[in-house]
Chemist: 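Submitted below is the structure of interest, expressed as structure tokens.
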There are 2 protein chains.
Amino acid sequence: MIDDEVLAGHQQELRRGTVVMAALATLETPGYGYGLLAVLEKSGLSVDANTLYPLLRRLEKQGLLAAEWDTTESRPRKMYKTSDAGRNLLGTLEAEWNHLATSLNALRSEESNPHLKELP
Amino acid sequence: MIDDEVLAGHQQELRRGTVVMAALATLETPGYGYGLLAVLEKSGLSVDANTLYPLLRRLEKQGLLAAEWDTTESRPRKMYKTSDAGRNLLGTLEAEWNHLATSLNALRSEESNPHLKELP
DNA sequence: ACACGATACTGTGTCACACACACTGTTGTC
DNA sequence: GACAACAGTGTGTGTGACACAGTATCGTGT
């Protein structure tokens, strides 16, 4: 009944931002892009590789992640880890997340009891 | 310490999608744009008018909201209400929201107990 | 009487992010 | 020696958030 493309679009809009939280949280223990991709996939957060790689570069440029090339092994990997600023932002975003959850819940219950709108 | 613009950007990314849920939930009882704006503001969901109006039109075009002009009063208002498809989508998005919350929590606790990663 | 802010909405930009597509190169494995 | 999985970069394209600029009506003060 619902157009699949419309549904997918809105679901994706909802996911936006959460990937940043997931990355910042996961990379408190250092890791690299491709590996992170697998971890997120396993955790039920499906992220496209073409989305994650640019995201990591952006977070690095913003100073939220620290990055350096690991060339100790033959296959070079770009290792990322969450910086102090990143940890800081993660906290803020989690607070915002909880705030949003609270607000949505409030609207939801107000909806099932519309008469509450009349109260002071 | 954190760049304010960067912070604001990520917070906004997180809010994306939640406004759709808020609108669909609130408009189960019919309402109009400017009024919805006030309701959301009061609920702690700050949405720009220039964001909400186009959003409502888009949701209407997607068949998630039903709209009709109310011209009974001198000041014309475009009344919106959530359609069956909209109610349907709202349920899906709420499920997705809970799914995301669960995944993020999982990543967070895995993070504080990294050794769990080794377990089968 | 009229200036001004609040109400209520439309339309046209601009910019950033998600993702598609197209690459480069390495390491197993069959 | 072909081929999939690994690990990453770069270059589009489209959509949504918001800035800015309008249109028009209503209420209140002076």
Side-chain angles (χ1 to χ4, degrees), chain A residues 3 5-23 27 30-42 45-62 64-65 67-80 93 100, chain B residues 3 5-23 27 30-42 45-62 64-65 67-80 93 100:
Chain A
D3 184 347
E5 291 190 38
V6 169
L7 171 74
H10 285 293
Q11 275 182 325
Q12 186 201 315
E13 286 296 311
L14 200 56
R15 266 195 298 274
R16 273 175 96 125
T18 62
V19 182
V20 172
M21 279 200 282
L27 292 176
Y32 60 100
Y34 197 90
L36 178 59
L37 208 60
V39 171
L40 295 184
E41 183 71 25
K42 207 177 57 132
L45 280 171
S46 56
V47 190
D48 195 295
N50 295 312
T51 299
L52 186 62
Y53 282 124
L55 176 74
L56 291 174
R57 284 178 242 162
R58 196 166 65 250
L59 294 179
E60 183 196 359
K61 196 183 291 179
Q62 293 175 344
L64 303 165
L65 291 178
E68 70 184 280
W69 283 96
D70 176 5
T71 49
T72 57
E73 298 184 33
S74 58
R75 189 193 292 281
R77 288 166 170 174
K78 202 171 184 177
M79 298 297 289
Y80 291 96
L93 290 181
L100 288 171
Chain B
D3 183 350
E5 291 192 36
V6 169
L7 171 74
H10 286 292
Q11 275 182 324
Q12 185 202 313
E13 287 294 311
L14 201 56
R15 266 195 297 273
R16 275 177 94 124
T18 61
V19 182
V20 171
M21 280 200 282
L27 292 175
Y32 60 100
Y34 197 89
L36 179 58
L37 207 59
V39 171
L40 295 185
E41 184 71 25
K42 205 175 57 125
L45 280 171
S46 56
V47 191
D48 195 292
N50 295 313
T51 298
L52 186 62
Y53 283 123
L55 176 73
L56 291 173
R57 286 177 240 160
R58 197 165 65 250
L59 294 178
E60 183 195 0
K61 196 183 290 179
Q62 294 174 344
L64 302 166
L65 291 177
E68 70 184 280
W69 282 97
D70 176 5
T71 49
T72 57
E73 299 184 32
S74 58
R75 188 191 294 278
R77 289 167 169 174
K78 201 170 184 178
M79 297 296 288
Y80 292 96
L93 290 181
L100 288 172

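Each chain gets a letter, A, B and so on, in the order the sequences are listed, and its residues count up from 1.
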Chemist: Could you run down the sub-3.5 Å N/O contacts of the protein with nucleotides 25-29 of chain D?
Modeler:
unit_1: dT25(D); atom_1: O2; unit_2: R75(B); atom_2: NH1; d: 2.8
unit_1: dT25(D); atom_1: O2; unit_2: R75(B); atom_2: NH2; d: 3.0
unit_1: dC26(D); atom_1: OP1; unit_2: S74(B); atom_2: OG; d: 2.1
unit_1: dC26(D); atom_1: O4'; unit_2: R75(B); atom_2: NH2; d: 3.0

Chemist: Looking at dG8(D), I'd like to know if its phosphate oxygens (OP1 or OP2) sit under 4.0 Å from a side-chain N or O belonging to Y34(A).
Modeler: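 So the side-chain polar atoms of Y34(A) never come under 4.0 Å of the phosphate oxygens OP1 or OP2 of dG8(D).
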Chemist: Would you give me the side-chain donor-acceptor pairs under 3.5 Å for residues 49-56 of chain B, sequence neighbours excluded?
Modeler:
unit_1: N50(B); atom_1: ND2; unit_2: D48(B); atom_2: OD1; d: 3.4

Chemist: Looking at residues at least two apart in the chain, or sitting in another chain, which of them share a salt bridge (charged side-chain N to carboxylate O under 4.0 Å, His left out) with E60(B)?
Modeler: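 Applying salt bridge (charged side-chain N to carboxylate O under 4.0 Å, His left out) to E60(B) gives K78(B).
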Chemist: Side-chain N or O of Y53(A) less than 4.0 angstrom from OP1 or OP2 on dT9(D)?
Modeler: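 Checking Y53(A) against dT9(D): no side-chain N or O falls below 4.0 Å of OP1 or OP2.
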Chemist: Below 3.5 Å is the cut-off: list the nitrogen or oxygen pairs between protein and nucleotides 1-3 of chain D, distance only.
Modeler:
none

Chemist: Apply side chain to side chain contact (heavy atoms under 4.5 Å, CB included) to the pair Y80(B) and R57(B), showing each step before the final yes or no.
Modeler: CA-CA 10 Å; Y80(B) 292 96; R57(B) 286 177 240 160; 4.2 Å; yes
Chemist: Within this structure, what is the CZ-to-P distance between R77(A) and dT9(D), rounded to whole angstrom?
Modeler: 14 Å
Chemist: Figure out the CG/C1' separation between D70(A) and dG8(D), and round it to whole Å.
Modeler: 14 Å
Chemist: At what angle, to 10 degrees, do the two end axes of the helix from dA1(C)-dT30(D) to dC30(C)-dG1(D) meet, given five pairs define each axis?
Modeler: 10°
Chemist: With sequence neighbours excluded, what pairs up with R77(B) under the salt bridge (charged side-chain N to carboxylate O under 4.0 Å, His left out) test?
Modeler: none
Chemist: Could I get the full list of side chain to side chain donor-acceptor pair (under 3.5 Å) partners for E13(A), not counting sequence neighbours?
Modeler: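 For E13(A) the side chain to side chain donor-acceptor pair (under 3.5 Å) partners, ignoring immediate neighbours, are R16(B).
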Chemist: Let's go through L65(B) and L27(B) carefully: what are the C-alpha distance in whole Å and the side-chain angles of both, what is the deciding distance for side chain to side chain contact (heavy atoms under 4.5 Å, CB included) to 0.1 Å, and is it a yes or a no?
Modeler: CA-CA 8 Å; L65(B) 291 177; L27(B) 292 175; 3.9 Å; yes
Chemist: Take the protein atom CZ of R57(A) and the nucleotide atom P of dG8(D), then report the distance between them rounded to whole Å.
Modeler: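 Computing the R57(A):CZ to dG8(D):P distance gives 10 Å.
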Chemist: Below 4.0 Å from chain A heavy atoms, what is the first contacting nucleotide of DNA chain C and what is the last?
Modeler: dC17(C) to dT27(C)
Chemist: Distance check needed: dA17(D) P versus L52(B) CG, whole Å only.
Modeler: 10 Å
Chemist: Taking only residues two or more places apart in sequence or in another chain, which ones pass side chain to side chain donor-acceptor pair (under 3.5 Å) with T71(A)?
Modeler: none
Chemist: Taking side chain to side chain contact (heavy atoms under 4.5 Å, CB included) as the definition, give me every residue that meets it alongside Q62(A), ordered by chain and number, with sequence neighbours left out.
Modeler: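 By the side chain to side chain contact (heavy atoms under 4.5 Å, CB included) rule, Q62(A) matches R58(A), L59(A), L64(A), V6(B), H10(B).
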Chemist: From the options V20(B), L14(B), T18(B), select the one residue that forms a side-chain contact (heavy atoms from CB on, under 4.5 Å) with L14(A).
Modeler: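 Considering V20(B), L14(B), T18(B), a side-chain contact (heavy atoms from CB on, under 4.5 Å) with L14(A) is found only for T18(B).
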Chemist: Would you list the protein and nucleotides 13-15 of chain D atom pairs, both N or O, that sit under 3.5 Å from each other?
Modeler:
none

Chemist: Rounded to whole Å, please give me the gap between OH in Y32(A) and P in dA7(D).
Modeler: 4 Å
Chemist: Report the distance from atom OH of Y34(B) to atom CZ of R75(B), rounding to the nearest 0.5 Å.
Modeler: 9.0 Å
Chemist: Compare all side-chain heavy atoms of L45(B) with those of L100(A) and state whether any distance is below 4.5 angstrom.
Modeler: yes
Chemist: When the distance from CD of E60(A) to P of dG8(D) is rounded to whole Å, what number comes out?
Modeler: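 The distance from CD of E60(A) to P of dG8(D) comes to 12 Å, rounded to the nearest Å.
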Chemist: Pick the closest DNA chain D nucleotide for V47(B) and for P54(A) by heavy atoms, then say which residue is nearer the 5' end.
Modeler: P54(A)
Chemist: How far does CG of L37(A) sit from NZ of K42(A), to the nearest 0.5 angstrom?
Modeler: 13.5 Å
Chemist: Atom CD of Q12(A) and atom P of dG16(D): how far apart are they, to the nearest Å?
Modeler: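 So the CD-P distance, Q12(A) to dG16(D), works out to 10 Å.
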Chemist: Start at the 5' end of DNA chain C and walk down; is the nucleotide closest to G35(B) or to Q62(A) reached first?
Modeler: G35(B)
Chemist: To the nearest 0.5 Å, what is the distance between CD on Q12(B) and CG on L7(B)?
Modeler: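 Between atom CD of Q12(B) and atom CG of L7(B) there are 11.5 Å.
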Chemist: Write down the distance between CG (L40(B)) and P (dA17(D)), rounded to a whole number of angstrom.
Modeler: 13 Å
Chemist: Classify the nucleic acid contact of D48(B) as base, sugar-phosphate or nothing, counting any heavy atom under 4.0 Å across all strands shown.
Modeler: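 The answer is sugar-phosphate, as D48(B) gets under 4.0 Å only of primed atoms, P, OP1 or OP2.
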